[in-house]
Chemist: 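Have a look at the structure that comes next, please.
All values derive from a computational prediction rather than experimental measurement. Indexing begins at 1, ligand by ligand and atom by atom, following the structure's order.
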Amino acid sequence: MRRSLIAANWKMHGSAASIQAYLEALIEKTRDAGPEVVICPPFTLLPLAVLIAGGSAVEIGAQNCHWEEKGAFTGEVAAPMLAELGARWVIVGHSERRQYFGETDASAASRAKGAQRAGLSVIFCLGETLEQRDSGQTLAVLERQSAALAGLDPGSLAVAYEPVWAIGTGRNATPAQAQEAHAALRRRASELLGREAAGALRILYGGSVKPENAASLLVEPDVDGALVGGASLDVEGFCAIIHAAPGRRPGA
Ligand code: PEP
């Protein structure tokens with residue numbers, strides 16, 4: 001069985017003034033929820049988030065990490081630093097990192113390895129642009145981007161399929177588009193990680209997930225959860241998404 005995973009990517013949003021009320025409400029409203037819940041706020045809010053969520057089922061993650069354990073990398077944060085704080089997860093290879101900060105398939109793979117070496121679990125993001133989809137390259141792009149999975153430990157890995165054209169645009173992939181991509185990614189994971197690991201791997205959908213469309217996406221057999229940006233900033237809406245997910249689904 002695969003347990004649903006619903007993760008929030010706050011991007012460059014959130015404040016010390018508001019995080020306590022948000023997390024307390026989230027913890028209260030999801031106490032009996034089936035899915036695993038992860039909140040990824042900006043770096044500066046991580047200590048506070050870990051403190052407030054401590055003792056609850058809500059886990060805390062970061063949005064990026066460097067691949068080295070330490071060194072002369074001004075402005076970067078190492079994975080062991082995140083682990084020392086009590087973060088459990090890190091998002092790697094998000095399309096905004098790829099688009100605005102020069103992230104490549106190779107650097108994303110290195111970050112993911114560095115995160116796992118430090119004991120963190122990784123949400124590894126990939127997805128095609130609109131141009132790539134329109135020219136029929138979606139599955140080829142996913143095949144290229146997912147090559148990074150070969151070097152990773154499947155036990156502390158989730159994959160997030162996030163079509164770039166759906167992120168922050170209000171235009172989500174249809175459930176059928178998401179299922180097609182997720183099934184292809186699971187087949188690919190089977191080649192790279194083995195059949196059993198691929199069957200247990202959680203593949204999340206990300207891109208304009210909202211309370212209104214969550215259930216229709218999360219009912220698909222290979223959509224094991226969601227990575228939620230904008231809609232995760234509102235705790236009521238985020239809780240509605242969590243409650244729309246089945247707790248567990250059959251794995252291969
Ligand atoms: C994201 O940033 O990972 C994301 C999916 O954003 P949004 O939900 O706002 O499209």
Chemist: Between Ser190 and Arg195, is there a side-chain donor-acceptor contact under 3.5 Å, judged purely by atom types and distance?
Modeler: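 On atom types as modelled, these side chains do not qualify, holding no pair under 3.5 Å.
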Chemist: Check each of Glu128, His182, Gln145 against Tyr161 using the side chain to side chain donor-acceptor pair (under 3.5 Å) test, and report the only one that passes.
Modeler: Glu128
Chemist: Which of the numbered atoms in ligand 1 are under 4.0 angstrom from any heavy atom belonging to Leu227?
Modeler: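 Reading through ligand 1 atom by atom, the close ones are 3 (O), 5 (C).
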Chemist: Evaluate the criterion side-chain hydrogen bond (donor to acceptor under 3.5 Å, both in side chains) for residue pair Ser110 and Ser107; output intermediate values, then yes/no.
Modeler: CA-CA 5 Å; Ser110 300; Ser107 63; over 6 Å; no
Chemist: Please state whether His94 comes within less than 4.0 angstrom of ligand 1, counting heavy atoms only.
Modeler: yes
Chemist: Please say which of Arg202, Arg3, Arg2 ends up in a salt bridge (charged side-chain N to carboxylate O under 4.0 Å, His left out) with Asp224.
Modeler: Arg2
Chemist: Is there a nitrogen or oxygen of Lys11 sitting under 3.5 Å from a nitrogen or oxygen of ligand 1?
Modeler: yes
Chemist: Specify the protein heavy atom at minimum distance from atom 9 (O) of ligand 1: its residue, its atom name, and the distance to 0.1 Å.
Modeler: Gly230 N, 2.8 Å
Chemist: Salt bridge check: are Glu76 and Arg111 linked by an N-O gap of less than 4.0 Å?
Modeler: yes
Chemist: Less than 6.0 angstrom separating the ring centers of Trp10 and Tyr22, yes or no?
Modeler: yes
Chemist: Atom 5 (C) of ligand 1: which protein heavy atom is closest, and how many Å away?
Modeler: Glu162 OE2, 3.0 Å
Chemist: Would you say Ala166 contacts ligand 1, with heavy atoms under 4.0 Å as the rule?
Modeler: yes
Chemist: For ligand 1, does Asn9 get within less than 4.0 Å through its side chain, its backbone, both, or neither, judged by non-hydrogen atoms?
Modeler: side chain
Chemist: Taking a cutoff of less than 4.0 Å between a non-hydrogen atom of the residue and any ligand atom, is Gly207 in contact with ligand 1?
Modeler: yes
Chemist: Find all atoms of ligand 1 within a distance of less than 4.0 Å from any non-hydrogen atom belonging to Gly168, and give their numbers and elements.
Modeler: 7 (P), 9 (O), 10 (O)
Chemist: Between Arg249 and Asp222, is there a side-chain N and carboxylate O pair less than 4.0 Å apart?
Modeler: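 Not counted as a salt bridge, because no side-chain N and carboxylate O are separated by less than 4.0 Å.
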Chemist: Return the closest protein heavy atom for atom 8 (O) of ligand 1 as residue, atom name and distance.
Modeler: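 It is Gly229 N, 2.8 Å.
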